[in-house]
Protein chains: 2
Amino acid sequence: MFSKACEYGIKAAIFIATQSYEGKRVSPKEIAQEIDSPQAFTAKILQALVKNDVVSSVKGAYGGFEIDRNQIASIKLSQIVNAIDGDTIYNGCGLGLHACDEAHPCPVHDKFKAIRTDLKHMLENTSLEELALNIKSGESFLKI
Amino acid sequence: MFSKACEYGIKAAIFIATQSYEGKRVSPKEIAQEIDSPQAFTAKILQALVKNDVVSSVKGAYGGFEIDRNQIASIKLSQIVNAIDGDTIYNGCGLGLHACDEAHPCPVHDKFKAIRTDLKHMLENTSLEELALNIKSGESFLKI
DNA sequence: TATAAATAGGATAAATTTGTCCGAAATAAA
DNA sequence: TTTATTTCGGACAAATTTATCCTATTTATA
Ligand code: FES
Ligand code: FES
């Protein structure tokens, strides 16, 4: 469904959010341990999230990655997916036609569109806040 | 969503079905032209579909690929996807945890499961017949 | 039986994704 | 100002997916 990079990015953002609630910045090393991902690759993905204003970074000693506590609730899963995997999952044809076009649909267009729209709504309506709180409460997990 | 191989496989199966209704066997060359895919790669994918009893092949002169006319209605999209991409799309964790486990869910488990279940039902309830008839009637297209 | 036509399948190559490494730039504190 | 720490970013490497090529095998017909 999503690329590995995107999976890591989502989990990283959730972990950073949980720590940001406690005023803590985190390093790629901590993140990689917490979400069970390759550290250097995770660092690369974090750069993309920084560029897309999902997380912010502070260079130098005592630096690290963090998310403004006031923004955690307004950041949606869709922003993260879009920053890393782009918008093909929303707009692309399920059978790989050059474009998903109502006027020239592939055989599964109608059925696919329904699923894709649900997915889009889900991603657009799921905030980092609820995911992070789920982790903090122990209801869900980021690894194993 | 699906791999390129799976996209080609679905389109190939649909095209073979349309021709099988008319008693015609088709070659990888014809198929690749009709679905706009690389010929040799498509031939490889056809082998997988043959092994998984989605299509049947006849070797030698006057041979080619075909689907038993009486089976077209009972072949579901899910069989094709399963034959090529396996079952991770149905059973795997959306965030790449080792397994999707109700007792140890990832943060998006509940929301993901709903989408995935819909997708599964869609694939299991969509037959090659309806897709092929859509193509024959000119309502949908396999390329461009 | 010989021949031509067609799929099967292995080896290989190209492209993309995933992953690693290291030096440059920035920053806080001593 | 110096030093230690940390992200940034480019180059590189490994793994996977996508794609190609060639030979073997099978089969209908002449
Ligand atoms: S044309 Fe294929 S999903 Fe719309
Ligand atoms: S545990 Fe992640 S989708 Fe079920």
Side-chain angles (χ1 to χ4, degrees), chain A residues 1-13 16 19-20 23-33 35-67 81 83-86 88-89 92 95-96, chain B residues 1-13 15-16 19-20 24-33 35-67 81 83-86 88-89 92 95-96:
Chain A
M1 185 80 85
F2 300 129
S3 68
K4 277 286 168 197
C6 193
E7 291 176 0
Y8 296 151
I10 292 170
K11 289 186 279 192
I16 296 168
Q19 300 306 295
S20 292
K24 293 180 190 166
R25 287 176 190 153
V26 291
S27 66
K29 186 178 177 182
E30 284 179 86
I31 296 168
Q33 281 171 353
I35 72 175
D36 195 23
S37 68
Q39 180 179 329
F41 189 43
T42 305
K44 273 279 145 64
I45 296 158
L46 289 167
Q47 288 181 30
L49 292 181
V50 170
K51 266 194 184 158
N52 285 272
D53 299 313
V54 174
V55 315
S56 55
S57 66
V58 180
K59 282 184 179 180
Y62 292 80
F65 294 90
E66 67 186 355
I67 304 177
V81 172
I84 300 173
D85 278 353
T88 52
I89 198 161
L95 293 189
Chain B
M1 183 81 83
F2 300 130
S3 68
K4 277 287 170 198
C6 193
E7 291 175 359
Y8 297 150
I10 292 169
K11 288 186 280 192
F15 175 64
I16 296 168
Q19 299 307 294
S20 293
K24 293 181 189 164
R25 287 177 189 152
V26 290
S27 66
K29 187 178 177 184
E30 284 178 86
I31 296 169
Q33 280 171 352
I35 72 174
D36 194 23
S37 67
Q39 180 180 329
F41 189 44
T42 305
K44 275 278 145 63
I45 296 158
L46 289 167
Q47 289 181 29
L49 292 181
V50 170
K51 267 194 184 157
N52 284 271
D53 299 313
V54 173
V55 314
S56 55
S57 65
V58 179
K59 282 185 180 179
Y62 292 78
F65 294 90
E66 66 186 355
I67 304 177
V81 172
I84 301 173
D85 278 353
T88 52
I89 198 162
L95 293 188

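Numbered from 1 within each chain, the chains take letters A, B, ... in sequence-line order.
Across all their heavy atoms, B:Lys11 and A:Leu95 have their closest contact at NZ-O, 2.9 Å. Here the closest heavy-atom approach between residue A:Ile67 and residue A:Ser20 is recorded as N-OG, 2.9 Å. Summarising the geometry of B:Ile35 relative to B:Tyr8, their closest heavy-atom pair is CD1-O, 3.6 Å, with the distance given to 0.1 Å. Smallest separation of non-hydrogen atoms from A:Pro38 and A:Ala32: C-CB, 4.4 Å. Nearest approach of B:Gln19 to B:Val26, heavy atoms of both residues: CG-CG1, 3.5 Å. In terms of heavy atoms, B:Leu49 sits closest to B:Ala83 at CD2-CB, 4.4 Å.
We find that CD of B:Glu7 is positioned 9 Å from P of D:dT18, with the value rounded to whole Å. As rounded to whole Å, 15 Å separates atom P of D:dT20 from atom NZ of B:Lys29. Here D:dT17 presents its C1' atom at 17 Å from CZ of B:Phe2, a figure rounded to the nearest Å.
Within the structure, a side-chain polar atom (N or O) of A:Ser57 is placed less than 4.0 Å from OP1 or OP2 of D:dC8.
Using a 4.5 Å cut-off on side-chain heavy atoms (C-beta onward), B:Leu46 and B:Ser57 make no contact. A:Phe2 is not listed as a side-chain neighbour of A:Ile84, based on a closest heavy-atom distance of 4.5 Å or more.
Looking only at distances, a side-chain donor or acceptor of B:Ser56 sits under 3.5 Å from a matching main-chain atom of B:Glu66. Looking at A:Glu30, its side chain does come within 3.5 Å of a backbone N or O of A:Ser27 through a donor-acceptor pair. With hydrogens and angles disregarded, no donor-acceptor distance shorter than 3.5 Å links the side chain of A:Asp85 to the backbone of A:Val81.
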Every protein N/O lying under 3.5 Å from an N/O of nucleotides 27-29 of chain D:
unit_1, atom_1, unit_2, atom_2, d
D:dT27, O2, B:Ala61, N, 3.4

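Taking a 4.0 Å limit (strictly below) on heavy-atom distances, residues 37-50 of chain A reaches DNA chain C at A:Pro38, A:Ala40, A:Phe41, A:Lys44.
In the 5' to 3' direction, nucleotides of DNA chain C lying under 4.0 Å from heavy atoms of chain B begin and end at C:dA5 to C:dA11.
A:Val26 comes within 4.0 angstrom of the backbone, heavy atoms only, and of no base.
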